[in-house]
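Please read all numbers here as calculations on a predicted model, not as lab measurements.
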Amino acid sequence: MRENGPVTSATRQPGTPAAALRPRLIATDLDGTLLRDDKSVSPRTVAALAAAEAAGIEVFFVTGRPARWMDVVSDHVHGHGLAICGNGAAVVDLHGGPGTHRFVKVRELARDNALDVVRLLRGAAPGTVFAVEQTYGFHQEPAYPKLHMEIPDNLLPAEALLAADGPDADQPVLKILAYHPDLAPDAFLTLARQAIGDRANVTRSSPSALLEVSGPGVSKASTLALCCAERGIVQEDVVAFGDMPNDVEMLTWAGRSYAMGNAHPDVVAAASGRTVANNDDGVAVVIERLLGQHG
């Protein structure tokens, strides 16, 4: 056991049928949660995910990643093969593999709202630079740092990227990214939420001062709730895992939730339980206990 605190037990209590403890759906974040720091999925975690699906439990990957970054788990999808990407902005079918993902549901950020966000953040936090994430494209301002392992499709000011006649104007905007070179990450998040208000949903998942801005009401939790409602699954039958502020709403919504041992303090406060760190297979530890396995 690590010094980051005990794992909340998910084993069967006396007199409680094992089936009563099993959820109908497991929702797990990826980076810092399911994935180890080297972005791998450990053999133990692969086995736990497969065992959950074999037991009739649906597994949803719920991440801030865009669809094109889902190759890290494409080999581990079972059954429906759906994932929630972009912090709830898209539901994606992963069955086709990298480059052939199909968008099942898109919850876009209106360009007028996005332009308001850019204007307000430029005023509240001078020096902020932006990138724009679309269904199939990624664009950024020239000063936006190389934070992602990809080459942007266009280098233009955010106002031009978001214009009605801007690049890939026929594609929905899933989210915009806002980076500040000097502000502390949590301070930037607080400042941005105050400045933007209800025009958009603002969160973060990076250790740097990088904010992720989605449409109003769009979050991992709200899209997961929509997917569960379509399947007749109530929130009490959902178990969720996460580690960063963009997971807070999902962990609060789910009937049972686990903060990773490496989680942000806000995540620990939001979750109903805690497991060990991502590098110690914290998700697998809980799944094994839910299934009555040892490990």
Side-chain angles (χ1 to χ4, degrees), residues 1-11 18 21-85 87 92 94-95 97-98 101 148-149 205-207 220 224 238-247 250-251 254 256-264 267-268 271-295:
M1 196 70 64
R2 293 168 62 90
E3 63 181 6
N4 52 24
V7 178
T8 302
S9 175
T11 53
L21 284 173
R22 289 189 180 179
R24 291 184 61 191
L25 187 143
I26 291 170
T28 178
D29 173 52
L30 294 182
D31 297 282
T33 300
L34 189 79
L35 304 180
R36 291 187 167 185
D37 287 348
D38 65 1
K39 307 306 180 186
S40 68
V41 185
S42 74
R44 180 178 182 180
T45 296
V46 171
L49 294 175
E53 292 271 7
I57 302 170
E58 290 195 66
V59 177
F60 263 65
F61 301 124
V62 188
T63 178
R65 285 178 173 235
R68 65 184 177 280
W69 289 9
M70 294 300 289
D71 56 305
V72 292
V73 291
S74 289
D75 290 339
H76 311 299
V77 297
H78 305 273
H80 57 82
L82 296 180
I84 295 172
C85 298
N87 292 326
V92 182
L94 302 180
H95 277 124
H101 300 138
H148 317 286
M149 298 301 293
S205 61
S206 170
K220 290 184 175 186
L224 177 61
V238 177
V239 171
F241 299 87
D243 73 304
M244 287 296 281
N246 64 329
D247 297 313
M250 178 174 73
L251 299 182
R256 281 174 284 173
S257 57
Y258 293 87
M260 306 305 292
N262 49 289
H264 186 282
V267 174
V268 175
S272 60
R274 197 170 187 190
T275 186
V276 293
N278 62 318
N279 285 333
D280 297 323
D281 300 327
V283 173
V285 167
V286 174
I287 292 175
E288 289 164 357
R289 292 179 176 177
L290 290 171
L291 298 177
Q293 301 172 349
H294 299 286

With Asp281 via salt bridge (charged side-chain N to carboxylate O under 4.0 Å, His left out) - residues at least two apart:
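By the salt bridge (charged side-chain N to carboxylate O under 4.0 Å, His left out) rule, Asp281 matches Arg36.
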[atom1]/[X] to [atom2]/[Y] distance, rounded to the nearest 0.5 angstrom?
X: Phe61; Y: Leu30; atom1: CZ; atom2: CG; result: 6.5 Å
X: Ile84; Y: Lys220; atom1: CD1; atom2: NZ; result: 9.5 Å
X: Thr28; Y: Phe60; atom1: OG1; atom2: CZ; result: 13.0 Å
X: Thr275; Y: Asp243; atom1: OG1; atom2: CG; result: 12.5 Å

Under the side chain to side chain contact (heavy atoms under 4.5 Å, CB included) test, which residues partner Asn278, sequence neighbours left out?
Asp37, Met260, Asn262
Quick one: does [X]'s side chain get under 4.5 Å of [Y]'s, heavy atoms only?
X: Pro66; Y: Cys85; answer: no
X: Val283; Y: Tyr258; answer: no
X: Met244; Y: Asp29; answer: no
X: Val41; Y: Leu35; answer: yes
X: Met70; Y: Thr63; answer: yes
X: Ile287; Y: Ile57; answer: no
X: Leu34; Y: Leu49; answer: yes
X: Leu25; Y: Leu224; answer: yes

Checking Phe241 against Ile26 for the side-chain contact (heavy atoms from CB on, under 4.5 Å) test, could you report, in this order, the C-alpha distance in whole Å, the side-chain angles of both residues, the deciding distance, and whether it holds?
CA-CA 8 Å; Phe241 299 87; Ile26 291 170; 3.8 Å; yes
Is the backbone of Glu58 close enough, under 3.5 Å, to the side chain of Arg24 for a donor and an acceptor to pair up by distance?
no
Polar side-chain atom of Arg274 near backbone of Gly261 as donor-acceptor pair, under 3.5 Å:
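Yes, Arg274 side chain to Gly261 backbone: donor-acceptor pair under 3.5 Å.
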Which heavy atom in [X] sits nearest to a heavy atom in [Y], and how many Å separate them?
X: Ala27; Y: Val238; value: CB-CG1, 4.5 Å
X: Gly242; Y: Ala263; value: O-CB, 4.3 Å
X: Leu291; Y: Ala52; value: CD1-N, 3.8 Å
X: Ala254; Y: Ala240; value: CB-CB, 3.7 Å
X: Leu94; Y: Ala83; value: CD1-CB, 3.8 Å

With Ser205, which residues qualify under side-chain hydrogen bond (donor to acceptor under 3.5 Å, both in side chains), at least two apart?
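Ser205 satisfies side-chain hydrogen bond (donor to acceptor under 3.5 Å, both in side chains) with Glu212 once adjacent residues are dropped.
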